[in-house]
There are 2 protein chains.
Amino acid sequence: MAEAVNIKRLAQELNISIATVSKALNDSYEISLKTKNRVWTLAKELNYTPNPAASNLRSNKTKTVAVVIPCVANNFFSLSIMGIEEIARQYGYHVLIYQTHENIEAEKAFTNSLLNGRVDGILTSVSSSEYNSEYYANLVKKIPLVFFDRVYENLDAVKVTTDDYDIAFQATEHLIESGCSKIAYLFGLENLPAGKARFAGYLDALKAHGIVAPEQLVVKYHDDEEFNLQQIKELLEAYKPDALFSSIEEFIIPAYCACKELGLQIPDDVKILSFSNLSTAKLLSPSLTTISQPAFEIGREAAKCLFKILNNKQLDDEQNIILKSVLTKRESTGC
Amino acid sequence: MAEAVNIKRLAQELNISIATVSKALNDSYEISLKTKNRVWTLAKELNYTPNPAASNLRSNKTKTVAVVIPCVANNFFSLSIMGIEEIARQYGYHVLIYQTHENIEAEKAFTNSLLNGRVDGILTSVSSSEYNSEYYANLVKKIPLVFFDRVYENLDAVKVTTDDYDIAFQATEHLIESGCSKIAYLFGLENLPAGKARFAGYLDALKAHGIVAPEQLVVKYHDDEEFNLQQIKELLEAYKPDALFSSIEEFIIPAYCACKELGLQIPDDVKILSFSNLSTAKLLSPSLTTISQPAFEIGREAAKCLFKILNNKQLDDEQNIILKSVLTKRESTGC
DNA sequence: CTGATACGCGAAAACGTTTACGTAATTAAA
DNA sequence: TTTAATTACGTAAACGTTTTCGCGTATCAG
């Protein structure tokens with residue numbers, strides 16, 4: 001399509017060898033400043049850019065990382081990608097995107113296909129459908145990998161997460177202090193550490209306040225909007241909880257709809273609180289009390305860690321980076 | 001890191017030449033079924049995957065496309081990416097992401113850096129900050145490129161857009177029929193065809209109903225949340241419009257906040273309607289009448305077009321694909 | 001003036017594929 | 001039986017880099 005300006009062309013026009021051109025372009029100490037300048041100016045003039053495939057093949061570096069996540073169209077993940085992309089730009093890396101749609105087979109297929117030198121490293125937030133740590137135990141030996149938010153524990157890999165347990169504890173206390181004693185839990189990510197930590201924080205906060213939590217007050221997430229809605233409606237009707245603690249954003253719409261359909265007033269009849277990165281939380285009717293994770297920063301941190309590893313920089317002691325979530329109290333919990 | 005299983009290794013173990021192995025892997029007619037099967041089974045056994053860099057270098061095909069967009073963390077674009085990624089998977093392509101942050105220099109830098117064979121094609125939704133069609137006129141000659149939503153016109157390239165003019169006209173009529181006569185316009189994307197078409201639809205609808213639109217009722221978007229909020233507040237106070245037609249999602253939060261701060265009731269004092277792909281539109285207070293673009297389908301269509309081009313399939317006649325947006329009437333316009 | 005020491009550069013191999021071309025063996029056509 | 005065509009495979013070049021190694025020249029100490 002174009003006129004193919006490569007290193008050979010530069011060498012010919014300057015009457016020097018391609019080795020010299022290559023070294024000059026890479027600012028090698030072997031080349032005199034005079035020659036470097038000749039090369040650089042001609043390269044700029046001809047709009048030369050190195051062929052990535054050739055470069056990758058020879059050097060075994062791709063300057064590319066892969067982001068493997070459940071879904072792009074999600075506030076949390078799109079913000080994470082934004083953070084990752086920003087850091088990648090700074091380091092001169094390219095970013096490949098793969099969506100697993102919570103399918104662990106797709107997850108394996110993608111990550112496996114990345115082991116042949118397509119990328120230098122992987123950033124991933126794993127599928128919630130299953131917890132298959134043997135697979136990842138092998139994977140982390142084969143390629144630099146950083147987990148964020150949805151992680152596998154006990155692996156020799158960097159993990160960037162949030163204070164799920166603490167913030168869930170704190171949020172539950174907020175509900176209790178708001179006068180709630182029958183707090184239902186909308187349970188997501190139950191196979192993953194994040195989901196378990198949130199649930200544990202909820203349970204422990206109840207226990208700390210002498211509240212027993214009947215199992216019937218827990219609704220588990222299914223990948224079926226209508227089903228979730230029905231479950232919540234049944235929960236509300238059968239057990240009349242005075243609060244809903246939603247551990248994932250996906251429960252917000254069904255929760256609000258369920259209340260509306262049953263004629264329950266938020267926050268008077270039932271208070272609602274949810275993990276969420278919705279920018280419109282404050283515009284909801286009523287405005288929603290949220291636990292928002294620093295999605296953008298998580299992406300940035302995870303990317304920074306990966307690039308440090310790829311550049312052989314020392315990772316400051318810790319393999320686990322834990323960022324703080326923010327509890328924003330709004331009308332849905334009576335604030 | 002691993003034990004490097006390549007074509008040479010396969011050839012050695014099977015006592016055949018690397019050419020035969022390569023052809024067998026690519027299912028060439030030159031190779032007998034018997035040999036192919038030997039190769040295939042060993043390849044699977046050793047978990048062989050071709051080295052992409054070597055393959056790209058030799059064949060000049062990368063099976064990779066780039067998506068260049070203003071920002072990932074946006075409902076419209078994240079849905080588009082989702083659609084693109086889905087189609088890319090079907091065709092066996094990889095997807096690179098680049099964010100321009102509405103910066104036309106970044107846009108040029110990215111697209112230029114993609115011309116050296118890093119990708120086979122580009123999908124882009126261009127920056128709103130400027131309209132620089134000379135640059136793109138050159139670019140489309142150098143690499144297969146498909147525009148979606150935010151396009152450059154009069155170029156020899158496929159464009160996937162929506163019926164911006166028609167739907168804006170229709171939405172404006174909806175406001176008029178709801179009793180509005182002083183409809184303010186919150187103007188976004190003013191440099192781009194989409195923004196112009198939306199504004200034209202609005203103006204023509206007013207004209208068709210004999211309404212003159214004073215210029216003071218138009219507020220232009222700036223990349224400054226606080227500034228937009230102030231502008232809208234001043235507009236509401238100074239000219240007391242009975243409706244706000246927002247041409248982009250970014251105006252929703254300031255519009256709602258402005259009304260709240262001024263004590264204006266939606267929809268009684270002022271009706272609001274906005275282009276938006278917010279999933280929570282129906283949960284806002286009050287629920288928001290929206291024009292939602294089929295973002296996911298736009299991504300899918302754009303990707304399909306690009307892959308058709310890359311596979312030398314005939315594009316069915318048309319270079320312009322226009323999808324329909326959906327006007328969903330809710331409480332914010334009195335429905 | 002001789003030997004060592006940088007310095008600046010070039011020759012050539014290598015990375016793992018794909019592919020044009022050649023060739024031997026087999027089959028079909030004459 | 002001879003010739004042409006087909007089948008199945010191998011040889012080797014090529015893609016555009018990076019990098020090892022070596023060589024000549026200039027510089028400098030002795």
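On a predicted model such as this, the values are computed, not experimentally measured, just so you know. Labels below follow one simple rule: chain letters A, B, ... track the order of the sequence lines, proteins then strands, and each chain is numbered from 1.
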Taking the six-membered ring for Trp, are [X] and [Y] parallel (under 30°), tilted (30 to 60°) or perpendicular (over 60°)?
| X | Y | value |
| --- | --- | --- |
| B:Tyr98 | A:His94 | perpendicular |
| B:Tyr152 | B:Tyr136 | perpendicular |
| A:Phe307 | A:Tyr93 | tilted |

Only one of A:Val68, A:Val67, A:Val119 forms a side chain to side chain contact (heavy atoms under 4.5 Å, CB included) with A:Leu96, so which one is it?
->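 Testing each of A:Val68, A:Val67, A:Val119 against A:Leu96, the sole residue satisfying side chain to side chain contact (heavy atoms under 4.5 Å, CB included) is A:Val119.
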Test applied, side chain to side chain contact (heavy atoms under 4.5 Å, CB included); reference residue, B:Gln293; option that passes from B:Leu79, B:Asn75, B:Leu323, B:Asn277 = B:Asn277
Rounded off to whole Å, could you give me the [atom1]-to-[atom2] distance for the [X] and [N] pair?
| X | N | atom1 | atom2 | result |
| --- | --- | --- | --- | --- |
| A:Arg9 | D:dT17 | CZ | C1' | 17 Å |
| B:Asn37 | D:dA8 | CG | P | 13 Å |
| A:Leu10 | D:dT17 | CG | P | 8 Å |
| A:Asn15 | C:dG8 | CG | C1' | 16 Å |

Can you tell me if CG on B:Asp223 sees more than 12 non-hydrogen neighbours from other groups inside 6.0 Å?
-> no
If every non-hydrogen atom of A:Thr100 is compared with every non-hydrogen atom of A:Ser127, which pair is closest and at what distance?
->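 Heavy atoms only, the tightest pair is OG1-CB, 4.4 Å.
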End axis versus end axis in the helix from C:dC1-D:dG30 to C:dA30-D:dT1, the angle rounded to 10°, five pairs used at each terminus =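 Computed from the C1' atoms at both ends, the axes differ by 40°.
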How does protein contact run along nucleotides 16-26 of chain C, one letter per nucleotide 5' to 3', with B for base contact, S for sugar-phosphate only, - for none, heavy atoms under 4.0 Å?
-> BBBBBB-----
Just how far is it from atom CG of B:Leu145 to atom CD1 of B:Ile122, taken to the nearest 0.5 Å?
->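 Reported value, rounded in 0.5 Å steps: 5.0 Å.
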